[in-house]
Chemist: 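Quick one: the structure is below, and I'll ask about it shortly.
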Amino acid sequence: MKQIEIYTDGACSGNPGKGGWGAILVYKGKEKEICGGEAETTNNRMELTAVIEALSQLKEPCEVLVTTDSKYVCDAVEKKWVYSWQKNGWKKADKKPALNVDLWMKLLPLLEEHNVTFKWVKGHNGHPYNERCDELAVHFYLNM
């Protein structure tokens with residue numbers, strides 16, 4: 001299996017508001033940057049979209065390390081919350097509806113296709129790839 005590193009970030013001006021996402025895929029020292037955004041969204045939706053869009057770039061099953069500053073995404077997957085939400089009809093443990101179900105439904109098949117591990121890093125703390133992903137995300141929504 002190919003080993004890929006993915007770095008992602010989402011950004012939003014207002015929450016909800018204009019938002020953007022950025023991702024960098026790294027394979028054998030080569031980097032590919034992608035970004036996008038939406039006119040009316042939330043930070044968590046942009047964080048999720050960055051991961052979905054990056055994983056969607058892969059053309060075959062891969063071993064993937066996703067590095068993100070989103071505790072929401074990391075914890076939901078690594079602590080298996082999203083699988084409980086899905087099993088419980090997209091309800092959280094407190095019986096409230098899970099948010100961003102449409103995006104989680106896009107992400108889950110990608111997580112099945114690839115062997116994905118998530119790593120959390122503190123945002124805006126000097127991590128070069130995290131900083132670059134933030135620049136991509138912010139640049140995108142500022143220029144919408």
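This is a predicted model, so every value here is computed, not measured. What you see below is based on every heavy atom in this structure, not just the backbone, and it leaves out hydrogens, waters and symmetry mates.
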Chemist: Roughly how far apart are Ile4 CD1 and Gln57 CD, rounded to 0.5 Å?
Modeler: 11.0 Å
Chemist: Nearest heavy-atom pair of Ile6 and Ala54: which atoms, and what distance?
Modeler: CG2-CB, 3.5 Å
Chemist: Any heavy-atom pair between the side chains of Thr68 and Val121 that's under 4.5 Å?
Modeler: no
Chemist: Which distance, rounded to the nearest 0.5 Å, do you find between the CG of Asp134 and the OG1 of Thr8?
Modeler: 11.5 Å
Chemist: Within this structure, what is the SG-CG distance for the pair Cys12 and Asn44, rounded to the nearest 0.5 Å?
Modeler: 9.5 Å
Chemist: Should Val51 and Phe118 count as side-chain neighbours, where that means a heavy-atom distance under 4.5 Å?
Modeler: yes
Chemist: Rounded to the nearest 0.5 Å, what's the gap from SG on Cys35 to CG on Asn143? Could you check?
Modeler: 9.5 Å
Chemist: Test of understanding: clusters of I, L, V, M, F, W, Y form through side-chain heavy atoms closer than 4.5 Å, transitively. Do Ile52 and Leu25 belong to the same one?
Modeler: yes
Chemist: On a heavy-atom basis, which atom in Gly37 and which in Trp21 lie closest, and how many Å separate them?
Modeler: N-NE1, 3.6 Å
Chemist: Would you check if Val66 and Lys119 make a side-chain contact, meaning some heavy-atom pair closer than 4.5 Å?
Modeler: no
Chemist: Would Met1 and Cys62 satisfy side-chain contact (heavy atoms from CB on, under 4.5 Å), going step by step from the backbone distance to the final call?
Modeler: CA-CA 5 Å; Met1 256 189 192; Cys62 296; 5.7 Å; no
Chemist: Check whether any side-chain heavy atom of Pro97 sits under 4.5 Å from a side-chain heavy atom of Lys92, and report yes or no.
Modeler: no
Chemist: Given the rule that I, L, V, M, F, W and Y join up when any side-chain heavy atoms are under 4.5 Å apart, are Trp120 and Val116 in one cluster?
Modeler: no
Chemist: What pair of heavy atoms forms the shortest contact from Gly22 to Leu136, and how long is it?
Modeler: CA-CB, 4.0 Å
Chemist: What pairs of residues pass the salt bridge (Lys or Arg N to Asp or Glu O under 4.0 Å) test when at least one of them lies in residues 48-72, not counting sequence neighbours?
Modeler: Lys2-Glu60
Chemist: Are more than 12 heavy atoms, taken from residues, nucleotides or ligands other than Met105, located less than 6.0 Å from that residue's CE atom?
Modeler: no
Chemist: Does the ring centre of Tyr72 sit less than 6.0 Å away from the ring centre of Trp104?
Modeler: yes
Chemist: A side-chain contact here means heavy atoms from C-beta on lying under 4.5 Å apart; do Val26 and Tyr7 qualify?
Modeler: yes
Chemist: Indicate the atoms forming the closest heavy-atom contact of Asp9 with Ala50, along with that distance.
Modeler: O-CB, 3.8 Å
Chemist: Does either side chain, that of Tyr129 or that of Glu131, offer a donor lying less than 3.5 Å from an acceptor on the other one?
Modeler: no
Chemist: Check Cys133 against Ala23 and note the closest heavy-atom contact, atom names and distance.
Modeler: SG-CA, 3.9 Å
Chemist: Taking side-chain hydrogen bond (donor to acceptor under 3.5 Å, both in side chains) as the cut-off, I'd like each qualifying pair that reaches into residues 74-85, sequence neighbours left out, listed once.
Modeler: none
Chemist: Quick check against the 3.5 Å criterion: does Asn88 have a side-chain atom that pairs as donor or acceptor with the backbone of Trp90?
Modeler: no
Chemist: Hey, could you give me each pair passing salt bridge (Lys or Arg N to Asp or Glu O under 4.0 Å) that has a residue in residues 15-44? Not counting sequence neighbours.
Modeler: Glu33-Arg132
Chemist: Do Val73 and Leu65 land in one hydrophobic cluster if side-chain heavy atoms of ILVMFWY residues count as linked below 4.5 Å?
Modeler: no
Chemist: Output the distance between atom OG (Ser56) and atom CD (Glu113), rounded to the nearest 0.5 Å.
Modeler: 8.5 Å
Chemist: Roughly how far, to the nearest 0.5 Å, is CE of Met46 from CG of Asn100?
Modeler: 9.0 Å
Chemist: Where is the tightest heavy-atom contact between Val64 and Leu55, given as atom of each residue plus distance?
Modeler: CG1-CD2, 4.0 Å
